[in-house]
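Take a look at the structure set out below.
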Amino acid sequence: MTTGMGKAALVCGAGGFIGSHLVRRLKNEGFWVRGVDLKFPEFADTDADDFVIGDLRDQQVCDRVIDRRFDEVYQLAADMGGAGYIFTGEHDADIMHNSATINLNVADRAHKRNIRRVFYSSSACMYPAYNQEDPDNPNCAEASAYPAAPDSEYGWEKLFSERLFLAYNRNHGMSNRVARYHNIFGPQGTWTGGKEKAPAAICRKVANVRSGDEIEIWGDGLQTRSFLYIDECLEGTIRLTRSNDFEGPVNIGSEEMVTINELVDLVADIAGKDVRKNHIPGPTGVRGRNSDNRLIEERLGWKPSQSLRHGLEQTYEWIERQVHRNTPA
Ligand code: NAD
């Protein structure tokens, strides 16, 4: 691919899961890429031409990294994690303060540098809890966002920041793009330590047990979700960023909805193990959530190209290797 020959991109959050994959994709397309993050990617070397270790809450750091016009800017940096991080309430102030400060800084610096377009990653967590109580029939159509009632402060911050980027479009002639990601997963994502999400946590638990053993599952496992593989997420992200006349907000997710119990069964099947489930109390989030892809299909002609199983196979293989590498023989 040579789409990016002679072009420059900035990836904020380039040390994170989606950001590090995005840097690789942009490099493959021929872009010169600058990444910025508090940390380098955890599981592989960065592919960025220039990687700045810096805190985007600091305006001076923002000035330093947004020091020129970029053809594409991706704002993925956020204080986030899985249910064990965002739904317990213990990190609410940090999540809101840290992520909002980053977004305020990046939107304003981009505008002052005459950068026309920033891609911003919002989340399905901004959808109202009252539309996600029925596990079989959640409503996550873009237009269902209001009256707003996210079930976490993480979701409220996302809602604020998507409005912020769109306000810069209206008042400062920018053409920022806003996507609402739905549970992105894949290799080289956080898989242990408390910030991991359900697919990675389940892959780790299954990799750690022998056939016939049991693993712990938060809640009754009947809550529903859909999960999108990283490569699909990058394709949707790039198409939205480069679209001529569509700013979003738009869902980037999968419509292949499963219960958490079904997700466990799928991973167990991939692993070739018989795994029993021990349901224990834990943070579970809303009862049901699924992407609604009607708008993105209509406006960008995009939908995921592969099944959930395909992505889980790649992810399980990678997590199994990490587990064995970390377990003394
Ligand atoms: P991640 O946590 O792996 O990446 C975020 C990165 O931002 C981290 O590397 C972190 O160090 C960096 N960061 C945090 N604070 C920073 C600061 N002050 N200065 C510089 N860097 C900072 O998360 P991810 O899964 O790659 O998600 C990327 C974006 O997509 C986030 O905005 C997230 O909210 C959003 N999102 C992700 C998902 C998902 O399922 N992964 C779902 C919905 C939305």
Side-chain angles (χ1 to χ4, degrees), residues 10-24 34-44 46 48 51-62 64-66 74-83 85-86 91 94-106 109 118-127 140 150 152-162 165 178-191 193-201 225-230 232-234 236-237 248-254 285 289 291 311 315:
L10 173 67
V11 178
C12 303
F17 167 51
I18 301 172
S20 56
H21 282 275
L22 179 61
V23 168
R24 192 168 311 132
R34 171 177 290 163
V36 53
D37 201 301
L38 294 170
K39 58 175 178 64
F40 286 110
E42 238 168 289
F43 306 110
T46 180
F51 196 102
V52 178
I53 293 290
D55 187 336
L56 290 163
R57 291 171 302 178
D58 181 340
Q59 292 194 358
Q60 285 175 345
V61 170
C62 283
R64 194 173 133 226
V65 294
I66 308 176
Y74 296 88
Q75 192 335 61
L76 305 170
D79 190 358
M80 66 101 64
Y85 187 72
I86 60 180
H91 311 283
D94 277 350
I95 288 170
M96 296 188 93
H97 175 268
N98 294 342
S99 296
T101 308
I102 295 169
N103 289 316
L104 288 162
N105 282 346
V106 171
R109 292 297 122 175
V118 177
F119 167 89
Y120 173 61
S121 52
S122 179
S123 164
C125 288
M126 46 62 61
Y127 283 114
C140 290
S152 65
E153 302 300 1
Y154 171 77
W156 279 105
E157 190 283 325
K158 287 293 186 192
L159 197 56
F160 164 77
S161 291
E162 58 176 63
F165 280 98
V178 176
R180 294 171 179 162
Y181 286 160
H182 289 245
N183 296 319
I184 316 303
F185 74 100
Q188 296 174 19
T190 304
W191 59 278
K195 282 192 168 188
E196 65 279 16
K197 315 258 179 51
R225 291 293 185 279
S226 67
F227 302 93
L228 184 71
Y229 189 57
I230 180 70
E232 314 268 13
C233 166
L234 298 182
T237 297
V250 68
N251 293 326
I252 292 187
S254 159
R289 177 172 293 154
S291 186
T315 309

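The chain is numbered in sequence order, starting from 1. In listed order, ligands and their atoms are each counted from 1. Reckoned from all heavy atoms, side chains included, excluding hydrogens, waters and symmetry mates.
Between the side chains of Arg64 and Gln59, no donor-acceptor pair of N or O atoms lies under 3.5 Å. Side-chain contact of Asp79 with Tyr85: a donor-acceptor pair under 3.5 Å is present, judged by distance alone. Neither side chain, Glu157 nor Asn98, offers a donor N or O lying under 3.5 Å from an acceptor on the other. With no hydrogens or angles considered, no side-chain donor-acceptor pair links Tyr229 and Ser254 at under 3.5 Å.
For Ala124, the side chain to side chain contact (heavy atoms under 4.5 Å, CB included) criterion is met by Tyr127, His182, Arg289, not counting sequence neighbours.
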Between ligand 1 and the protein, which N/O pairs fall short of 3.5 Å?
{"unit_1": "ligand 1", "atom_1": "3 (O)", "unit_2": "Phe17", "atom_2": "N", "d": "2.8"}
{"unit_1": "ligand 1", "atom_1": "7 (O)", "unit_2": "Ala78", "atom_2": "N", "d": "3.4"}
{"unit_1": "ligand 1", "atom_1": "9 (O)", "unit_2": "Gly16", "atom_2": "N", "d": "3.1"}
{"unit_1": "ligand 1", "atom_1": "9 (O)", "unit_2": "Asp37", "atom_2": "OD1", "d": "3.3"}
{"unit_1": "ligand 1", "atom_1": "9 (O)", "unit_2": "Asp37", "atom_2": "OD2", "d": "2.7"}
{"unit_1": "ligand 1", "atom_1": "9 (O)", "unit_2": "Lys39", "atom_2": "NZ", "d": "3.3"}
{"unit_1": "ligand 1", "atom_1": "11 (O)", "unit_2": "Asp37", "atom_2": "OD1", "d": "2.6"}
{"unit_1": "ligand 1", "atom_1": "18 (N)", "unit_2": "Asp55", "atom_2": "OD1", "d": "2.8"}
{"unit_1": "ligand 1", "atom_1": "19 (N)", "unit_2": "Leu56", "atom_2": "N", "d": "2.9"}
{"unit_1": "ligand 1", "atom_1": "26 (O)", "unit_2": "Phe17", "atom_2": "N", "d": "3.3"}
{"unit_1": "ligand 1", "atom_1": "26 (O)", "unit_2": "Ile18", "atom_2": "N", "d": "2.8"}
{"unit_1": "ligand 1", "atom_1": "30 (O)", "unit_2": "Ser121", "atom_2": "OG", "d": "3.4"}
{"unit_1": "ligand 1", "atom_1": "32 (O)", "unit_2": "Leu76", "atom_2": "O", "d": "3.0"}
{"unit_1": "ligand 1", "atom_1": "32 (O)", "unit_2": "Ser121", "atom_2": "OG", "d": "3.1"}
{"unit_1": "ligand 1", "atom_1": "32 (O)", "unit_2": "Lys158", "atom_2": "NZ", "d": "3.0"}
{"unit_1": "ligand 1", "atom_1": "34 (O)", "unit_2": "Tyr154", "atom_2": "OH", "d": "2.7"}
{"unit_1": "ligand 1", "atom_1": "34 (O)", "unit_2": "Lys158", "atom_2": "NZ", "d": "2.8"}
{"unit_1": "ligand 1", "atom_1": "40 (O)", "unit_2": "Ile184", "atom_2": "N", "d": "2.7"}
{"unit_1": "ligand 1", "atom_1": "40 (O)", "unit_2": "Lys197", "atom_2": "NZ", "d": "3.4"}
{"unit_1": "ligand 1", "atom_1": "41 (N)", "unit_2": "Lys197", "atom_2": "NZ", "d": "3.0"}

- Task: Give the C-alpha distance, both sets of side-chain angles, the deciding distance and a yes or no for side chain to side chain donor-acceptor pair (under 3.5 Å) between Tyr181 and Thr237.
- Result: CA-CA 9 Å; Tyr181 286 160; Thr237 297; 2.7 Å; yes
